[in-house]
2 protein chains.
Amino acid sequence: MKSPSSQPRDRGIPEATVARLPLYLRALHGMGERGITTVSSEDLAVAAGVNSAKLRKDLSHLGSYGTRGVGYDVEYLVYQISRELGLTQDWAVAIVGVGNLGRALANYGGFVSRGFRVAALVDADPEVVGDTIAGLNVEHIDELEAVIKRRGVSIVVLATPAAAAQKVCDRVIAVGVTSILNFAPVVLSVPESVDVRKVDLSIELQILAFHEQRKAGGPLMAVDGQ
Amino acid sequence: MKSPSSQPRDRGIPEATVARLPLYLRALHGMGERGITTVSSEDLAVAAGVNSAKLRKDLSHLGSYGTRGVGYDVEYLVYQISRELGLTQDWAVAIVGVGNLGRALANYGGFVSRGFRVAALVDADPEVVGDTIAGLNVEHIDELEAVIKRRGVSIVVLATPAAAAQKVCDRVIAVGVTSILNFAPVVLSVPESVDVRKVDLSIELQILAFHEQRKAGGPLMAVDGQ
DNA sequence: ATCCCTTTGTGAACCGATGCACAAAGTCGG
DNA sequence: CCGACTTTGTGCATCGGTTCACAAAGGGAT
């Protein structure tokens with residue numbers, strides 16, 4: 001049942017591949033800046049920290065953009081990946097919760113450079129509402145819905161305390177937001193149609209601790225584990 | 001060849017399971033605080049946002065800590081998971097790079113509450129060296145090695161600009177650090193024996209953008225994609 | 001124009017993770 | 001003490017992702 005599409009690109013990119021595309025993109029950007037115009041799968045793979053077979057398979061899901069015997073054209077590949085990820089359009093992002101983390105995110109350069117635009121900052125604390133952070137006025141949480149609609153926000157970043165996250169989440173979903181990046185350490189309950197990605201800083205540390213413990217205790221504990 | 005271990009716990013926990021243990025731990029902590037003493041795999045699974053079969057299989061890798069017909073004892077399970085993750089000991093963490101992000105991390109409550117102790121803050125900017133952040137004195141990057149040894153730091157968090165990350169990374173590895181949490185948007189090159197976990201805030205946004213684009217453009221672009 | 005060399009794109013084997021479905025093991029009421 | 005009921009722990013089928021290894025495709029030299 002596969003369509004005999006002349007378009008090489010097959011609309012059904014594996015999730016694992018999608019998660020790596022930004023990595024390739026970053027590596028390609030670096031190369032472009034260094035004046036490299038063409039790159040082999042082997043070199044790009046090293047720069048992105050993956051193996052070359054995986055890289056080639058990943059890229060093959062987007063289409064046949066390489067030249068056998070030569071490699072990939074850096075600029076062209078940047079464009080293709082950007083387009084696939086949807087980075088050729090500009091995305092208005094709202095950050096809710098302007099504590100330390102929210103502030104850090106608002107100032108984070110990595111966003112703007114990738115087609116994301118922080119279009120609004122929102123907080124509940126009257127102390128910070130009205131402040132200017134990263135060139136933006138912090139607005140009151142009561143204005144949440146109005147701000148989202150007015151600024152055309154389509155992605156919301158939650159950097160609120162855990163207790164507030166679900167409530168804010170419900171409200172933004174109610175006004176049509178379907179993509180949420182959640183930094184609050186809670187499991188959000190959302191309808192099927194909404195995408196939530198979560199980043200939990202302490203989880204990463206815990207995973208490191210697990211491995212670190214093994215390294216430290218491993219040789220000794222092997223006796224016990226045996 | 002499986003040992004007839006009386007120790008139920010088999011030293012070889014799947015990576016995917018390790019990554020979920022902190023999630024279970026968080027859910028269990030919440031339940032403990034709400035006075036719940038016993039929980040079924042079904043309830044815990046819901047609280048952690050996974051399905052119950054997966055949860056049971058995950059826990060079975062640590063040992064047989066449930067009671068059939070009843071469920072799991074919350075406190076006991078918290079202890080077992082904590083021990084497995086190595087959270088029963090205290091880990092000294094150094095944060096290198098005290099920009100917005102480093103500052104946010106230094107103040108992040110989620111660390112302390114999990115057995116992690118921010119033991120040192122280090123930066124290269126003379127402007128911030130000497131400042132007190134989250135009760136800690138910011139030390140100069142030249143002191144990096146000395147600070148790590150003196151404070152017994154075993155996990156380093158890199159929150160430096162991309163350009164500085166590899167250099168700092170090399171230096172901390174040289175003094176024996178084998179666990180690194182990297183927020184800088186670069187692929188670090190490290191020896192096999194060193195564990196690096198990376199968090200790239202803009203990657204998460206890019207993945208969201210990809211899915212958002214599909215949702216928005218999907219029905220329309222199908223025409224073109226055809 | 002032909003041959004050799006390089007590098008892509010992919011078929012196929014492999015590997016780990018997921019989810020189903022159920023037997024085993026325990027509790028509790030009578 | 002027994003039988004009904006609940007919930008765990010796991011064998012097994014399945015699935016998605018990774019890796020290997022090679023045929024197909026192109027470039028460049030002669």
Side-chain angles (χ1 to χ4, degrees), chain A residues 2 4-21 23-24 27-28 31 36-74 76-77 80-81 84 207 211, chain B residues 2 4-21 23-24 27-28 31 36-74 76-77 80-81 84 207 211:
Chain A
K2 190 156 114 197
S5 69
S6 53
Q7 306 287 95
R9 164 168 18 91
D10 176 2
R11 302 257 149 197
I13 299 178
E15 199 55 34
T17 295
V18 173
R20 280 187 297 264
L21 291 180
L23 225 60
Y24 304 151
L28 286 165
M31 290 174 166
I36 299 170
T37 60
T38 284
V39 67
S40 71
S41 64
E42 180 59 34
D43 290 354
L44 181 52
V46 168
V50 303
N51 87 37
S52 67
K54 184 149 53 183
L55 178 112
R56 286 199 300 278
K57 185 147 288 189
D58 281 345
L59 293 186
S60 78
H61 286 115
L62 317 193
S64 232
Y65 297 138
T67 306
R68 298 176 191 226
V70 177
Y72 301 89
D73 181 88
V74 171
Y76 185 57
L77 196 51
Q80 290 298 343
I81 296 180
E84 196 64 49
I207 296 172
H211 292 296
Chain B
K2 190 156 113 197
S5 69
S6 53
Q7 306 288 94
R9 165 171 15 93
D10 177 2
R11 303 255 147 199
I13 299 178
E15 198 56 33
T17 295
V18 173
R20 280 187 297 265
L21 290 179
L23 225 60
Y24 304 152
L28 286 165
M31 290 174 166
I36 299 169
T37 60
T38 285
V39 67
S40 70
S41 63
E42 181 58 35
D43 290 353
L44 181 53
V46 169
V50 303
N51 87 36
S52 67
K54 184 149 50 182
L55 178 114
R56 286 199 300 277
K57 185 149 291 190
D58 282 344
L59 294 184
S60 78
H61 286 116
L62 317 193
S64 234
Y65 297 139
T67 306
R68 294 174 193 228
V70 176
Y72 301 88
D73 180 88
V74 172
Y76 185 58
L77 196 51
Q80 291 299 344
I81 296 180
E84 197 63 49
I207 297 172
H211 292 296

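Remember, predicted model here, so these are calculated numbers, not experimental data. Here is the naming used below: chain letters follow the sequence lines, and residue numbers restart at 1 for every chain.
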Taking all non-hydrogen atoms of both residues, which atom of [X] and which atom of [Y] are closest, and how far apart?
{"X": "B/Ala27", "Y": "B/Leu44", "result": "CB-CD1, 3.8 Å"}
{"X": "B/Ile207", "Y": "A/Ala19", "result": "CD1-CA, 3.8 Å"}
{"X": "B/Val74", "Y": "B/Thr38", "result": "CG2-N, 3.8 Å"}

- Query: Mind checking which nucleotides bracket the chain A contacts on DNA chain C, 5' to 3', with an atom under 4.0 Å from a heavy atom?
  - Reply: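 Nucleotide range in contact with chain A: C/dT6 to C/dA12.
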- Item | Pairing residues for A/Thr17 by the side-chain hydrogen bond (donor to acceptor under 3.5 Å, both in side chains) criterion, not counting sequence neighbours |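 side-chain hydrogen bond (donor to acceptor under 3.5 Å, both in side chains) check on A/Thr17 returns A/Asp58.
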- Query: Listed by chain and number, what are the side-chain hydrogen bond (donor to acceptor under 3.5 Å, both in side chains) partners of A/Ser41, not counting sequence neighbours?
  - Reply: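 A/Ser41: side-chain hydrogen bond (donor to acceptor under 3.5 Å, both in side chains) contacts with A/Arg56.
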- Query: Counting N and O atoms only, with roles assigned by atom type, does the side chain of B/Ser40 sit under 3.5 Å from a partner on the main chain of B/Asp43, one being a donor and the other an acceptor?
  - Reply: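 Such a contact is found between B/Ser40 side chain and B/Asp43 backbone.
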- Message: Apply side chain to side chain contact (heavy atoms under 4.5 Å, CB included) to residues A/Leu55 and A/Leu59 and explain how you reach the verdict.
- Response: CA-CA 6 Å; A/Leu55 178 112; A/Leu59 293 186; 4.0 Å; yes
- Examine B/Tyr76 together with B/Tyr65 and report whether their ring centres are nearer than 6.0 Å.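 Centroid separation for B/Tyr76 and B/Tyr65: below 6.0 Å.
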- Item | DNA chain C contacts among residues 42-59 of chain B, heavy-atom distance under 4.0 Å |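 Hits under 4.0 Å, by residue number: B/Asn51, B/Ala53, B/Lys54, B/Arg56, B/Lys57.
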- Task: Applying side chain to side chain contact (heavy atoms under 4.5 Å, CB included), name anything that partners A/Val46, two or more places apart in sequence or on another chain.
- Result: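 Checked A/Val46 against side chain to side chain contact (heavy atoms under 4.5 Å, CB included); matches are A/Glu42.
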For nucleotides 25-30 of chain D, tabulate all protein N/O to nucleotide N/O atom pairs closer than 3.5 Å, reporting atom names and distance.
residue: D/dA25; atom: O4'; partner: A/Arg68; partner atom: NE; Å: 3.4

- Task: Let me see the working for B/Val50 and B/Tyr24 under side chain to side chain contact (heavy atoms under 4.5 Å, CB included), right down to the final yes or no.
- Result: CA-CA 9 Å; B/Val50 303; B/Tyr24 304 152; 3.9 Å; yes
